[in-house]
Number of protein chains: 2
Amino acid sequence: MGDTIDNSYWTLKALKSLGGTRSLISISSSELAEYMKISQQSASRFILDLLRDGYIIRQMNGRKQDISITEKGMSVLVKEYADLSVILEKPIKMKLHGNVQSGLGEGRYYISRKGYIVQFQEKLGFIPFLGTLNLKIKSGSELSLRKLRSMDGIHIDGFVTDDRTYGPVKTFLGNINGIKCAVIFPERSVYSDVLEVISVEFLRDSLSLKDGDELLVEVEGPFN
Amino acid sequence: MGDTIDNSYWTLKALKSLGGTRSLISISSSELAEYMKISQQSASRFILDLLRDGYIIRQMNGRKQDISITEKGMSVLVKEYADLSVILEKPIKMKLHGNVQSGLGEGRYYISRKGYIVQFQEKLGFIPFLGTLNLKIKSGSELSLRKLRSMDGIHIDGFVTDDRTYGPVKTFLGNINGIKCAVIFPERSVYSDVLEVISVEFLRDSLSLKDGDELLVEVEGPFN
DNA sequence: ATTACTAGACATCGAGTAG
DNA sequence: TCTACTCGATGTCTAGTAA
């Protein structure tokens, strides 16, 4: 049961290679086996492992099986890609394009908790304006967003108050149109294409933004 | 002896992570073991495997060992990175910056062989000017060059004449300042930071180039 | 055709330990 | 301390085969 990520990684990579951009991969265990140069039995076993761990979902379909890689599965591949990027690339600025989205007011509540604020000052070097700017990331920047999510960033500890628990978050420093900011993710996040940005300034005012406006966020390395 | 690339890959990745940009990694098998969450014995074994296969070279140094990853070793990591890039990224143009270098006249001889010319026409869609433009790639584009080298490209078969053997090469289509061209690599190449470019035109004239001039080559996907 | 179970063959691991 | 060998335990493979 001691499950190395190894086989799962190579199998996911093979499945994604074979499936290309299609979301549904129709493939038999023998075909996968041939591609991976392993036995049909092992291919079958690896697929079951991926299923058990929630990396793929599957629909049996008479002769073959239609496999779809889950978000969790994709993150295994993207994580590896991000790792290699950190190891092999020189420090870079990551660029993310997105459109201003009306905030839900939720972010505002969270980041104004004292437990977070103190750490923002200490680790980011600024006390943010008490509100977040939400950016719906454009599809062209989706992979960058996934890479970012899979990286470690600047860690902000969670804490507990009388009434509830606030989870740990991670942040990355950057800028929007030259204004210093930080992007912020829950440490345990499910995938979302909305990026939350905090800054000393009220960016909506400073940049005269309205919903739908396109923005470029530059996030700075080092990313590890 | 059936050696999966698996362990070699993970070990190289760990070594490169631990070594950072340093070319010499001073590390004990126990330290590596701890990082990889394996036993000291396995770490030792993996290091020996890497040595045997020429992925690293090593100097025993009293207490520890100084490990250096070879070109062949780096290419394992870069290959994986390139694979994931192809799988995960949308088709992109790869940009390579380099400086014009005086050709050695060697490229001219090779590409003018009929066995190659016929295939250039067939697979690239043009008959190149009988000479190559050599670009010394700038360090900022080095990783891109390595990625390119590790990819498959458009395959050109080798052939044999009365007097000698001409090896297979691989090419990638692209452009320089809008002029269609192709970059060309020996299929079995050792690493070099010089890129050979062929084109229908005599690029040195068309672009009024002299040695040392900086150029941008855009290489087109798909890269698999 | 498939998927996937069983079971024996085979490979890999690490504790013990030598040098 | 180190590296790395031996060797028994444990894991992982695939041939055979059921469904």
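Just so we're clear, the structure is a prediction, and the values are computed from it rather than from any experiment. Order of the sequence lines fixes the chain letters, A, B, ..., with proteins taken first and strands second; residue numbering starts at 1 for each chain. Just the heavy atoms: all of them, side chains too, but no hydrogens, waters or symmetry mates, feed the values below.
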If you restrict it to nitrogen or oxygen atoms, what contacts under 3.5 Å exist between nucleotides 14-19 of chain D and the protein, and what is each distance?
unit_1, atom_1, unit_2, atom_2, d
D:dT14, OP1, A:Ser39, N, 3.4
D:dT14, OP2, A:Ser39, N, 3.4
D:dT14, OP2, A:Ser39, OG, 2.7
D:dT14, OP2, A:Ser42, OG, 2.2
D:dT14, O5', A:Ser39, OG, 3.2
D:dA15, N7, A:Gln41, NE2, 2.8
D:dG16, O6, A:Gln41, NE2, 3.1

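We find that CG of A:Leu32 is positioned 14 Å from C1' of C:dT2, with the value rounded to whole Å. Atom CD in B:Gln59 sits about 19 Å away from atom P in D:dC2, given to the nearest Å. At whole-Å resolution of the value, CG in A:Leu48 and C1' in D:dC13 are 15 Å apart. Taking atom CG of B:Asp49 as the reference point, atom C1' of C:dA11 lies 13 Å away to the nearest angstrom. One can place CG of B:Asn7 at 8 Å from P of C:dT12, the figure rounded to the nearest angstrom. Atom pair B:Asp66:CG and D:dC2:P shows a separation of 14 Å (rounding to whole Å applied). Remark: C1' of C:dG14 and CD of B:Glu34 are 16 Å apart, rounded to the nearest angstrom.
Between B:Tyr9 and A:Tyr9, the angle of the ring planes stays under 30°, which puts this pair in the parallel group of the 30/60° scheme.
Ion pairing of B:Asp83 with A:Lys13 is present here, as a side-chain N (NZ or NE/NH1/NH2) and a carboxylate O approach within less than 4.0 Å. Taking 4.0 Å as the cut-off between side-chain N and carboxylate O, B:Arg146 and B:Glu71 count as a salt-bridged pair.
A sub-4.0 Å separation between OP1 or OP2 of C:dT3 and a side-chain N or O of A:Ser29 is present. Put simply, A:Arg58 has a side-chain N or O that comes within less than 4.0 Å of OP1 or OP2 on C:dA4.
Base pairing in DNA chain D gives the following stems of 3 or more Watson-Crick or G-U pairs, range against range and under 3.5 Å: C:2-19 with D:2-19.
Using a 4.0 Å heavy-atom criterion, one finds that A:Ile47 contacts no nucleic acid atom at all.
Heavy atoms from other residues, nucleotides or ligands lying under 6.0 Å from CD of A:Glu34 number 12 at most.
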